[in-house]
Amino acid sequence: VWEEPARSARLSAAYNAAFNSHVLRTYDGEHLTLPGLAAWFTPHPHQRSAVHRMIAEPSVGLYHQVGAGKTAEMIAGAMELRRLGMAGKVGVVVPNHMLEQFTREYLALYPRANVLAAGSEDLTKDNRRLFMAKVATGDWDAIIMTHTALQKIPVSAAAQEECMSRELHGLRESLDRAGGDRAFARTVKRIEAKIMRTEEWLRDKIESSD
């Protein structure tokens, strides 16, 4: 490839145009003032940058090592989204054993925050309606619940069908793109199988609702 300069330049340009033409955005949150944050806590530069990214992007993965301060980032990010009007009520879902600790840290960092915490016992059959009424009527900065508690909140059949229909649409688009290429034969089979499972699930939902 590199023996002929003209060929090298042509192939390099083609490669860069196809695979190396996007530069990931970087974030610098030093300008953030974070109103309401406790005076005793000073975020590290990487934590401010993480909050800046949470504000700028619809979905974010905080893949820091243990001890890097992800909890503070999540809390500060949630409060900024709420303060800026980008989120009405922020839901935070934590492992079952982390509910009390996360709630305690939330209020330590933002003492004036209006927080509703719910464990699995708060979403038993008898208490679920009361909890959802609190969520709907309260002016909460954050609603913190465990994984188990979240699983106890039912999603309407219509919402499930809408979600699965969107997934089906995406799967069919992927199938159309890969269908004519023999190199993707195995991928095509997997997509077709997933489409069949999703369609079967939708049929069962529709029949059970009749």
Side-chain angles (χ1 to χ4, degrees), residues 29 32-41 43 47-48 50-64 68-170 198 201-202 204-206 208-209:
L32 298 177
T33 58
L34 304 177
L37 184 64
W40 62 266
F41 181 74
Q47 292 177 305
R48 288 183 180 273
V51 174
H52 187 201
R53 184 178 178 186
M54 292 173 70
I55 295 170
E57 295 186 13
S59 60
V60 176
L62 303 173
Y63 301 113
H64 303 323
K70 293 187 294 293
T71 298
E73 293 172 358
M74 288 187 287
I75 293 170
M79 291 299 288
E80 282 298 282
L81 290 173
R82 165 85 166 157
R83 183 181 69 85
L84 295 171
M86 300 173 68
K89 295 175 184 176
V90 178
V92 183
V93 184
V94 300
N96 292 348
H97 67 283
M98 288 287 293
L99 180 66
E100 291 184 8
Q101 178 182 335
F102 195 94
T103 304
R104 187 167 57 249
E105 292 185 23
Y106 205 114
L107 293 174
L109 289 172
Y110 284 86
R112 299 180 64 182
N114 193 19
V115 173
L116 175 64
S120 56
E121 67 281 357
D122 295 298
L123 285 168
T124 58
K125 185 177 180 179
D126 295 334
N127 297 332
R128 191 179 304 152
R129 188 180 296 274
L130 175 61
F131 173 77
M132 295 308 297
K134 286 182 180 179
V135 171
T137 59
D139 186 26
W140 306 106
D141 292 312
I143 301 158
I144 306 171
M145 62 181 68
T146 63
H147 291 166
T148 301
L150 179 65
Q151 292 171 352
K152 292 184 178 181
I153 299 177
V155 178
S156 68
Q160 292 183 56
E161 289 176 20
E162 181 183 354
C163 178
M164 297 302 282
S165 295
R166 287 199 305 269
E167 183 174 350
L168 265 176
H169 179 72
T198 305
W201 182 91
L202 275 174
D204 291 342
K205 274 292 179 183
I206 293 171
S208 63
S209 63

Return yes when atom NZ of K134 has more than 12 non-hydrogen atoms of other residues, nucleotides or ligands closer than 6.0 Å, and no otherwise. no
Locate the shortest heavy-atom distance separating A78 from M54; write the atom from each residue and the value. N-CE, 4.3 Å
I'd like a table of donor-acceptor pairs (distance under 3.5 Å, sequence neighbours excluded) in which one partner is a side-chain atom from residues 99-106, with atom names and distances.
unit_1: Q101; atom_1: NE2; unit_2: E105; atom_2: OE2; d: 3.0
unit_1: T103; atom_1: OG1; unit_2: L99; atom_2: O; d: 2.8

Could you pull out all donor-acceptor pairs under 3.5 Å where a side-chain atom in residues 55-62 meets a protein atom, sequence neighbours excluded?
unit_1: E57; atom_1: OE1; unit_2: R53; atom_2: NE; d: 3.2
unit_1: E57; atom_1: OE2; unit_2: Y27; atom_2: OH; d: 2.6
unit_1: E57; atom_1: OE2; unit_2: R53; atom_2: NE; d: 3.3

May I ask you to say whether E73 pairs ionically with K70, meaning some side-chain N is under 4.0 Å from a carboxylate O? no
Report the residues that fulfil ring-ring contact (aromatic ring centres under 6.0 Å, His included) with H147, sequence neighbours left out, ordered by chain and then residue number. none
From E80 CD over to H52 NE2, what is the distance, rounded to the nearest 0.5 angstrom? 10.5 Å
Give me the atom names and distance for the closest heavy-atom approach of A113 to L107. O-CD2, 3.7 Å
Between L116 and F131, is there a side-chain heavy-atom distance shorter than 4.5 Å? yes
Okay, side chain of D141, backbone of N114: is any donor-acceptor separation there less than 3.5 Å? yes
Contact between M79 and L109 at the side-chain level, heavy atoms closer than 4.5 Å - yes or no? no
side-chain contact (heavy atoms from CB on, under 4.5 Å) partners of A136, counting only residues at least two apart: none
Please give me the minimum heavy-atom distance between A76 and V51, naming the atom from each residue. CB-CG2, 3.8 Å
Taking side-chain contact (heavy atoms from CB on, under 4.5 Å) as the test, write out the residues that go with R166, two or more places apart. E162, C163
Taking side-chain contact (heavy atoms from CB on, under 4.5 Å) as the definition, give me every residue that meets it alongside R48, ordered by chain and number, with sequence neighbours left out. E30, L32, L34, P43
Ignoring hydrogens and angles, tell me if any N or O in the side chain of R82 forms a donor-acceptor pair with the backbone of K89 under 3.5 Å. no
So which atom in A72 and which in F41 form the shortest heavy-atom distance, rounded to 0.1 Å? CB-CZ, 3.8 Å
Answer whether the closest heavy-atom distance between the side chains of Y110 and L37 falls below 4.5 Å. yes
Between A38 and A108, the two heavy atoms sitting closest are CB-O, 3.4 Å
Heavy-atom donor-acceptor pair, Q47 side chain to G69 backbone, under 3.5 Å: yes
From M132 atom CE to I153 atom CD1, the distance as rounded to the nearest 0.5 Å: 5.0 Å
